[in-house]
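Have a look at the structure below before the remarks.
All chains are named by letter (A, B, ...) in the order of the sequence lines, taking the proteins before the strands, and each is independently numbered beginning at 1.
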Number of protein chains: 2
Amino acid sequence: MVRQPSINAQHRTPLSTERIIEAALRIVDGQGLARLTMRRLGDALEVEAMAIYHHLPRGKEQLLDALVTHVASSPAQADGAASAGWREPLRRWAAGYRERLLAHAGVLPLLVTRRNSAALTTTVRSLQEVLRRGGVGEEAAAAAAHTVLGYVIGHAALEVRGTPEDGADRPVDWDSRFTAGLDLVLAGVG
Amino acid sequence: MVRQPSINAQHRTPLSTERIIEAALRIVDGQGLARLTMRRLGDALEVEAMAIYHHLPRGKEQLLDALVTHVASSPAQADGAASAGWREPLRRWAAGYRERLLAHAGVLPLLVTRRNSAALTTTVRSLQEVLRRGGVGEEAAAAAAHTVLGYVIGHAALEVRGTPEDGADRPVDWDSRFTAGLDLVLAGVG
DNA sequence: ACCTGAACACCGTTCAAGT
DNA sequence: ACCTGAACACCGTTCAAGT
């Protein structure tokens with residue numbers, strides 16, 4: 001058999017930053033953060049690991065930063081129909097954000113590392129937007145945003161680790177516990 | 001010169017799990033989690049890396065688990081003088097726990113990984129203790145414990161990443177923001 | 001412009017051997 | 001019982017080379 005090494009290389013769709021990040025996220029979600037290596041990522045993309053560096057010159061650092069941005073940087077929640085007050089929009093925002101964190105739980109440790117503070121700044125700002133549009137003052141909105149985001153991230157961390165029972169050895173219903181805790185926080189806001 | 005390889009080996013204090021963990025924590029605090037390697041840890045202890053496996057047979061996994069336990073597993077807060085109510089004890093508990101998390105910020109990502117759920121279970125239980133001793137009912141204490149712990153961990157995560165300014169580009173006073181958010185949460189508890 | 005192949009300096013871990 | 005040394009199968013990354 002004659003080797004035809006160029007056939008695959010020519011016909012496959014070319015690499016792109018988006019495809020790289022999607023593949024990386026698939027590995028993290030399916031196999032865990034520890035199994036995300038440049039070589040395995042290359043395999044998944046049917047490419048040599050070194051090809052990735054052409055799109056992400058800063059290598060794995062840049063890849064991990066991009067994963068954090070992809071998962072943790074919340075969109076500005078263009079809620080369309082202006083709902084009355086901030087309470088309901090904030091509940092929706094928190095529920096959506098929690099869902100994303102849990103869907104990509106492997107990325108959570110990265111969010112807590114020093115990397116990519118821009119991602120969370122965006123998120124804080126979008127949270128403040130929701131509050132201010134609901135009539136909460138500038139100062140109070142800034143404080144409440146940190147409180148709520150802190151709670152959501154922290155609770156997601158507890159959930160992921162999944163202690164199967166509470167202190168009294170009853171199974172924990174995380175969904176209702178999350179909303180209960182959130183309402184508790186929101187009650188404090190105003 | 002004649003080599004006398006046994007002199008150092010004989011006179012130095014022997015390895016122990018405690019010394020290993022202390023040295024590991026020193027590396028993580030001083031140089032970051034990424035620089036904690038078995039080989040470097042061995043160097044710090046003036047021992048070959050492989051000697052560590054004699055005390056921690058499960059290797060690096062076990063080492064990281066131990067770090068989480070050391071930092072995140074809160075003591076039962078034997079508060080001595082029974083203070084009235086739960087509010088003040090809880091404030092002290094939260095302040096102390098936050099301080100520990102920030103002092104060993106490099107361990108925070110490990111706390112969010114699936115490892116060692118026993119550590120946080122202990123912490124949740126000690127928090128519930130504080131609440132119940134203050135007269136909060138069983139059910140409410142269980143929910144409040146998760147809420148408070150979630151908030152403290154999440155806020156510590158935000159602090160460590162240290163976005164230097166809030167949404168309005170003012171520098172953030174994390175200390176007062178933490179207590180403000182905590183009071184907000186506590187106001188919800190009761 | 002985009003990808004490959006070989007090479008380098010590291011990892012964690014095993015296992016037989018030393019004392 | 002406790003530690004060492006060599007070895008193995010991996011890493012991330014550089015760099016010259018291919019198309």
- Query: Side-chain contact, heavy-atom cut-off 4.5 Å: A/R161 with B/T113?
  - Reply: no
- Query: How many Å lie between CG on B/L36 and P on D/dC11, as a whole number?
  - Reply: 19 Å
- Item | Touch class at under 4.0 angstrom, heavy-atom based, for B/M50 against every strand present | base
- Message: As an exercise, state the distance from CD of A/Q62 to OG1 of A/T69, rounded to the nearest 0.5 Å.
- Response: 10.0 Å
- Task: Starting at atom NZ of B/K60, determine the distance to atom P of D/dC10, rounded to an integer number of angstrom.
- Result: 18 Å
- Message: Rounded to whole Å, please give me the gap between CZ in A/R58 and C1' in D/dG12.
- Response: 14 Å
- Side chain of A/H54 - closest among D/dG12, C/dA1, C/dG12: C/dA1
- Task: Answer yes or no: does a side-chain N or O of A/H55 lie under 4.0 Å from OP1 or OP2 of C/dC3?
- Result: yes
- Message: Are more than 12 heavy atoms, taken from residues, nucleotides or ligands other than A/E99, located less than 6.0 Å from that residue's CD atom?
- Response: no
- Query: Is B/V160 close to B/L101 at the side-chain level, that is, under 4.5 Å between some pair of heavy atoms?
  - Reply: no
- Item | Given DNA chain D, 5'-ward residue of the pair B/I52 and A/A49, judged by closest heavy atom | B/I52
- Please assess B/F178 against B/W174 for the test ring pair (Phe, Tyr, Trp, His ring centres under 6.0 Å), listing each intermediate value before the final yes or no. CA-CA 6 Å; B/F178 174 78; B/W174 287 107; over 10 Å; no
- Query: Given atom CE of B/M38 and atom C1' of C/dC10, what is their separation to the nearest angstrom?
  - Reply: 15 Å
- Any side-chain heavy-atom pair of B/E22 and B/L25 under 4.5 Å: no
- Send over the distance from A/E48 CD to D/dT13 P, rounded to a whole Å. 16 Å
- Validation row: A/T13, A/R19 side chains within 4.5 angstrom (heavy atoms): yes
- Task: With the side chain of A/V47 defined as its heavy atoms from C-beta on, choose the nearest nucleotide among C/dC3, C/dT13, D/dT13.
- Result: C/dC3
- Whole-Å distance separating the CD atom of A/E61 from the C1' atom of D/dT13: 12 Å
- Query: Could you state the CD1-C1' distance from A/I20 to C/dC2, rounded to the nearest angstrom?
  - Reply: 12 Å
- Task: Going by the side-chain contact (heavy atoms from CB on, under 4.5 Å) test, name the single residue among B/R26, B/H55, B/H70 that passes it with B/I21.
- Result: B/H70
- Query: Separation of A/R35 atom CZ from C/dC11 atom P, in whole Å?
  - Reply: 21 Å
- Task: Would you please confirm or rule out a distance under 4.0 Å between OP1 or OP2 of C/dC11 and any side-chain N or O of B/R40?
- Result: yes
- Taking only the side-chain heavy atoms of B/R39 (C-beta and beyond), determine which of D/dT13, C/dG12, D/dT4 contains the nearest atom. C/dG12
- With the side chain counted from C-beta on, respond yes when A/V189 and A/T147 share a heavy-atom pair under 4.5 Å apart, and no when they do not. no
- Dot-bracket pairing map - DNA chain C, Watson-Crick plus G-U, both contacts under 3.5 Å, | cross-strand: ||.|||||...|||||.||
- Message: Using a 4.0 Å cut-off on heavy atoms, which residues in residues 24-34 of chain A reach DNA chain C? List them by number, or say none.
- Response: none
- Message: Using side-chain heavy atoms (C-beta onward) and a distance below 4.5 Å, is B/D65 in contact with B/L110?
- Response: no
